[in-house]
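Atoms within a ligand are numbered from 1 in the order they appear, just like the ligands themselves.
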Amino acid sequence: MSRPGSTGAADSRCPRCRAPVLAQWVGLVAALHVVADLRPLTPAEQTELREPNRLIWCLRGGEHTARRLTWTGRDHPAACPHPHVTEHRCTTEPTTLF
Ligand SMILES: [Zn+2]
Ligand SMILES: [Zn+2]
């Protein structure tokens with residue numbers, strides 16, 4: 001899965017809905033495990049989604065470097081050239097019920 005020198009980011013798929021996601025440990029305050037959707041958000045979606053419990057991530061890197069999620073805090077530039085994504089929320093009900 002992870003190559004030497006990689007940051008631990010892994011392209012993967014949600015086990016439930018099979019959506020492409022990026023799963024990564026992010027050191028924010030404490031290490032936080034983030035599963036982010038790979039679909040970039042439009043500016044309107046970012047405004048709409050900005051709520052206390054839903055973080056928006058700046059997706060750096062890509063073709064030649066490892067992809068890395070960076071938290072978009074209040075100081076994040078509005079004209080940021082990177083795609084912004086949000087955490088994955090499954091729209092599919094779990095298939096296994098206990
Ligand atoms: Zn950004
Ligand atoms: Zn899902």
Side-chain angles (χ1 to χ4, degrees):
M1 259 304 211
S2 61
R3 295 164 297 161
S6 81
T7 56
D11 280 345
S12 55
R13 281 181 185 272
C14 174
R16 284 191 267 168
C17 70
R18 314 304 296 163
V21 293
L22 180 71
Q24 189 170 352
W25 286 95
V26 179
L28 192 58
V29 178
L32 183 70
H33 190 241
V34 178
V35 178
D37 272 318
L38 287 176
R39 188 179 65 84
L41 300 166
T42 64
E45 283 174 321
Q46 287 178 53
T47 309
E48 199 179 308
L49 290 171
R50 216 173 262 280
E51 54 170 89
N53 294 321
R54 195 159 198 193
L55 300 177
I56 292 175
W57 300 95
C58 187
L59 186 62
R60 311 269 173 99
E63 280 180 44
H64 305 294
T65 52
R67 277 194 281 204
R68 193 164 56 88
L69 295 167
T70 307
W71 182 48
T72 60
R74 230 190 285 179
D75 299 331
H76 198 77
C80 173
H82 303 286
H84 288 175
V85 297
T86 190
E87 69 187 271
H88 177 64
R89 275 190 190 172
C90 227
T91 50
T92 309
E93 292 294 322
T95 49
T96 315
L97 295 170
F98 290 101

How open is the angle at the Zn ion (ligand 2) from atom SG of Cys14 over to atom SG of Cys17, rounded to 10 degrees?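 The two atoms form an angle at the metal of about 110°.
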Angle at the Zn ion (ligand 2) between NE2 of His88 and SG of Cys90, to 10°?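 Seen from the Zn ion (ligand 2), NE2 and SG are separated by roughly 130°.
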If you look at every heavy atom in Arg67 and Leu38, which pair is closest and at what distance?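 In terms of heavy atoms, the two residues are closest at NH1-CD2, 4.1 Å.
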Heavy-atom pair of closest approach, residues Val21 and Cys14: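 Heavy atoms of Val21 and Cys14 come nearest at CG2-N, 3.8 Å.
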Applying salt bridge (charged side-chain N to carboxylate O under 4.0 Å, His left out) to Glu45 and Arg39, what does each step give before you reach the verdict? CA-CA 11 Å; Glu45 283 174 321; Arg39 188 179 65 84; 3.4 Å; yes
Please name the atom of His84, restricted to N, O or S, that is closest to the Zn ion (ligand 1).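 Closest N, O or S atom of His84 to the Zn ion (ligand 1): NE2.
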To the nearest 0.5 angstrom, please state how far the CG atom of Leu41 sits from the CG atom of Leu59.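 Between atom CG of Leu41 and atom CG of Leu59 there are 10.5 Å.
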Does His76 bring an N, O or S atom to within less than 2.8 Å of the Zn ion (ligand 1)?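 Checking the Zn ion (ligand 1) against His76, an N, O or S atom does fall under 2.8 Å.
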